[in-house]
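Heads up, the thing below is written out as structure tokens.
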Amino acid sequence: MLTAADILATVEEQRVRFVALWFTDITGLVKSVMIPAGELENVVENGSHFDGSAIEGFARVAESDMILVPDLSSFVILPWTSGEDKTARLICSICTQNGDSFIGDPRSLLIKALDQAQSMNLRFKTGMELEFFLFPLDASGQPLVSANNDIAGYFDIPEDPIRSLRRSMLAALSSMGIRVDSTHSETGSGQHEIDFQYDDALRSADNILTARIALKTIASKFNYFCTFMPRPHVDLPGSGMHTHQSMHDAESGVNLFADSEGEYGLSATAQFFLAGQLEHARAMCAVLAPLVNSYKRLGTSFEAPVNVTWAHVNRSALIRVPSTAPGKEFHTRLELRCPDPTANPYLAMAVMLQAGLDGILHKMPLADPMEETLMQGMPERMRQIEVLPHSLEEALEALSNDDVILSALGPYVSDRYIAAKRQESDEYNRQVTEWEVRRYLSRF
């Protein structure tokens, strides 16, 4: 565990000139306050005061004075900085002037949810598969968004400079302590995936926050644009952020989802957790798939989920139970497939956890899995199965009527989040698209 003395010594030894204090607004965009390295000791002791009145969803002007409180365990030196620009980074939680956690801070909301799990002797762990596109930049620095950017297919070896770019991405992540299992080409032209190692949910959320900045920064140095937009082109598949989840005994670390003797290879705890997430899936979508564009992926893109179902093999199911080899039951986990990379990772983890805990607390019964063969042979049951929202507007309506997910966000964040997202949806609905002009202008 890093101490303040450790960090100050590293800053001096490595000749760090600046420290970036990172936090997020409710939508998940990274905000930053930069301080000279000489101010770090004071900030570690007293926090950094800032005006939050203009931050999305944070506060009215009368409530604007806030304090950034750095998490010392998040200290890293940003590997793309050097010399006179050498910069370190600390991720911060947000407090009010009297030292209380700010109710609008997404990171604090996740910490609160994790504390609730801890009180039940539960420890929530996650691992994400982060998909993204790399588009070359033109002479003016604009991304060339196309369905024909490179010829690498699923798991193919891309040509340079993509190979070198991906190696640099992995090296940057490694230098910041972010552990990666692997990276590979995805199904779309110019689409890639990085799979992160399993970790505690808070650290996983911090890692996703960091990775989104790191990958964009490294890509730009190779004259490429990295985007996590869920569906950047009509002729390309969507990008998801499949999230693997498991619950562990807080003291022993034992995976509480694993039971080789249990039905489906899942413990009762895992089945309750899974049932809870299915119960609240439609409401969670407003947080896990948070953009208008997210719904151009869900239900239409390759293997993106449509139905609120679970399965072992069926990759179109909302939640999949990956198989585990004999003797490897400690890897038992649930893969939630609707999140995309634009989700605020703190709010996403918080709602996933609270939905699952609700299933555990109420011992919710789990429906049978729906594999593809069953789906084809049971049309009557398929008509009874819920489907995920078809639009952000529909997802927000589901969220507005789900007390458990609203509680996970808290009244302050939920009110402001829903208002911000409804504004986004309304603005989209007012647009006149190129498709409409081509379709209607000369016909009528």
Side-chain angles (χ1 to χ4, degrees), residues 18-35 40 43 47-59 66-81 85 87-95 101-102 104-111 126 128 130-133 169 172-173 175-178 194 196 199 201-221 225-230 239 241 243 287-288 290-291 293-294 339-350 409 413 416-417 420-421 424:
F18 307 98
V19 179
L21 306 176
W22 286 4
F23 61 103
T24 74
D25 64 12
I26 62 170
T27 67
L29 293 179
V30 178
K31 305 296 181 179
S32 180
V33 172
M34 186 79 75
I35 62 170
L40 180 58
V43 168
S48 177
H49 294 247
F50 78 106
D51 179 0
S53 61
I55 304 298
E56 183 72 70
F58 266 27
M66 297 180 189
I67 302 173
L68 294 174
V69 179
D71 182 340
L72 300 187
S73 68
S74 70
F75 176 84
V76 294
I77 296 174
L78 299 178
W80 52 84
T81 64
D85 295 323
T87 303
R89 187 285 318 267
L90 283 164
I91 296 177
C92 299
S93 294
I94 302 168
C95 291
S101 293
F102 173 49
D105 176 28
R107 195 170 190 267
S108 295
L109 283 174
L110 175 56
I111 291 171
T126 57
M128 276 73 75
L130 186 67
E131 294 177 337
F132 56 93
F133 280 92
M169 285 177 165
L173 294 175
S175 74
M176 291 187 287
I178 299 177
I194 293 179
F196 295 86
D199 217 324
L202 180 61
R203 185 170 176 83
S204 289
D206 286 344
N207 287 347
I208 289 297
L209 183 82
T210 303
R212 292 193 306 208
I213 298 295
L215 301 187
K216 281 181 171 290
T217 303
I218 299 301
S220 68
K221 294 183 179 298
F225 185 82
C226 173
T227 182
F228 302 101
M229 183 177 176
S239 289
M241 187 175 68
T243 301
V287 177
L288 305 181
L291 307 184
N293 183 254
S294 298
D340 70 49
T342 63
N344 182 321
Y346 303 112
L347 297 184
M349 300 283 185
L409 300 174
V413 167
R416 286 154 181 79
Y417 184 89
K421 288 300 172 179
E424 178 181 337

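Just the heavy atoms: all of them, side chains too, but no hydrogens, waters or symmetry mates, feed the values below. If you read the sequence from its start, that first residue is 1, and numbering goes on from there.
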**Study point:** Nearest-0.5 Å distance that lies between atom CE in Met169 and atom CD1 in Ile178
**Key:** 12.5 Å
Check your understanding: About how many Å separate CG of Leu409 and CD1 of Ile26, when rounded to the nearest 0.5 Å?
Key -> 9.0 Å
**Study point:** Atom of Leu90, atom of Pro70 and distance for their closest heavy-atom approach
**Key:** CD1-CB, 3.8 Å
Review point. Does some side-chain heavy atom of Ile194 sit less than 4.5 Å from a side-chain heavy atom of Leu215?
Key: yes
Revision key, fill the gap. Taken in chain and number order and not counting sequence neighbours, the residues that satisfy side chain to side chain donor-acceptor pair (under 3.5 Å) with Arg212 are none
Practice item. State which residues pass side chain to side chain contact (heavy atoms under 4.5 Å, CB included) with Phe18; sequence neighbours excluded, sorted by chain then number. Key: Met34, Thr87
Study note, to complete from the structure: With sequence neighbours left out, the residues meeting side chain to side chain donor-acceptor pair (under 3.5 Å) with Asn207 are none
Point to revise | Sole residue of Arg89, Arg203, Arg107 in salt bridge (Lys or Arg N to Asp or Glu O under 4.0 Å) with Asp71 | key: Arg107
Review point. Within the distance-only criterion (no hydrogens, no angle test), does the side chain of Asp105 pair as donor or acceptor with the backbone N or O of Ile94 below 3.5 angstrom?
Key: yes
Exercise for review: Could you tell me which residues satisfy side chain to side chain contact (heavy atoms under 4.5 Å, CB included) with Ile213, sequence neighbours excluded, listed by chain and number?
Suggested key: Trp22, Val30, Trp80, Thr217
Review point. What heavy-atom pair brings Pro341 and Ser239 nearest, and what distance separates the two atoms?
Key: CD-O, 3.3 Å
Check your understanding: Given Phe23 and Phe50, is the ring pair (Phe, Tyr, Trp, His ring centres under 6.0 Å) satisfied, shown in steps?
Key -> CA-CA 12 Å; Phe23 61 103; Phe50 78 106; 5.0 Å; yes
Check your understanding: Do Lys216 and Phe225 come close enough that some side-chain heavy atom pair is under 4.5 Å?
Key -> yes
Check your understanding: Shortest non-hydrogen contact from Val287 to Tyr417?
Key -> CA-OH, 3.5 Å
Practice item. Quick one: list whatever passes side chain to side chain contact (heavy atoms under 4.5 Å, CB included) with Ala205, sequence neighbours left out. Key: Leu110, Pro345, Tyr346, Met349
Check your understanding: If you take all heavy atoms of Ser204 and Asp199, which pair is closest and at what distance?
Key -> OG-O, 3.5 Å
Exercise for review: Check the pair Thr210, Ile91 against side chain to side chain contact (heavy atoms under 4.5 Å, CB included), reporting the backbone distance first and the verdict last.
Suggested key: CA-CA 9 Å; Thr210 303; Ile91 296 177; 4.0 Å; yes
Exercise for review: With rounding to the nearest 0.5 Å, note down the distance linking CG in Leu21 to CG in Leu68.
Suggested key: 6.0 Å
Exercise for review: Return yes if a side-chain donor-acceptor contact under 3.5 Å exists between Ser74 and Asp206, otherwise no.
Suggested key: no
Exercise for review: List in chain and number order the residues that pass side chain to side chain contact (heavy atoms under 4.5 Å, CB included) with Val69, two or more places apart in sequence or in another chain; answer none if no residue qualifies.
Suggested key: Ile67, Cys95
Revision key, fill the gap. Looking only at heavy atoms, the pair that brings Met176 and Ile77 closest together is CG-O, 4.1 Å
Review point. Hey, does the side chain of Ser175 reach the backbone of Pro79 with a donor-acceptor pair shorter than 3.5 angstrom?
Key: no
Check your understanding: Got a second to check how far Ile208's CD1 is from Asn344's CG, nearest 0.5 Å?
Key -> 11.5 Å
Point to revise | Interatomic spacing from CG in Asp51 to CE in Met66 - rounded to 0.5 Å | key: 8.5 Å
**Study point:** Rounded distance [0.5 Å steps], CE in Met229 versus CG in Asp340
**Key:** 10.5 Å
Point to revise | Donor-acceptor pair, side chain of Lys31 and main chain of Asp25, under 3.5 angstrom | key: no
Check your understanding: Are Pro106 and Val413 close enough that some pair of their side-chain heavy atoms sits under 4.5 Å apart?
Key -> no
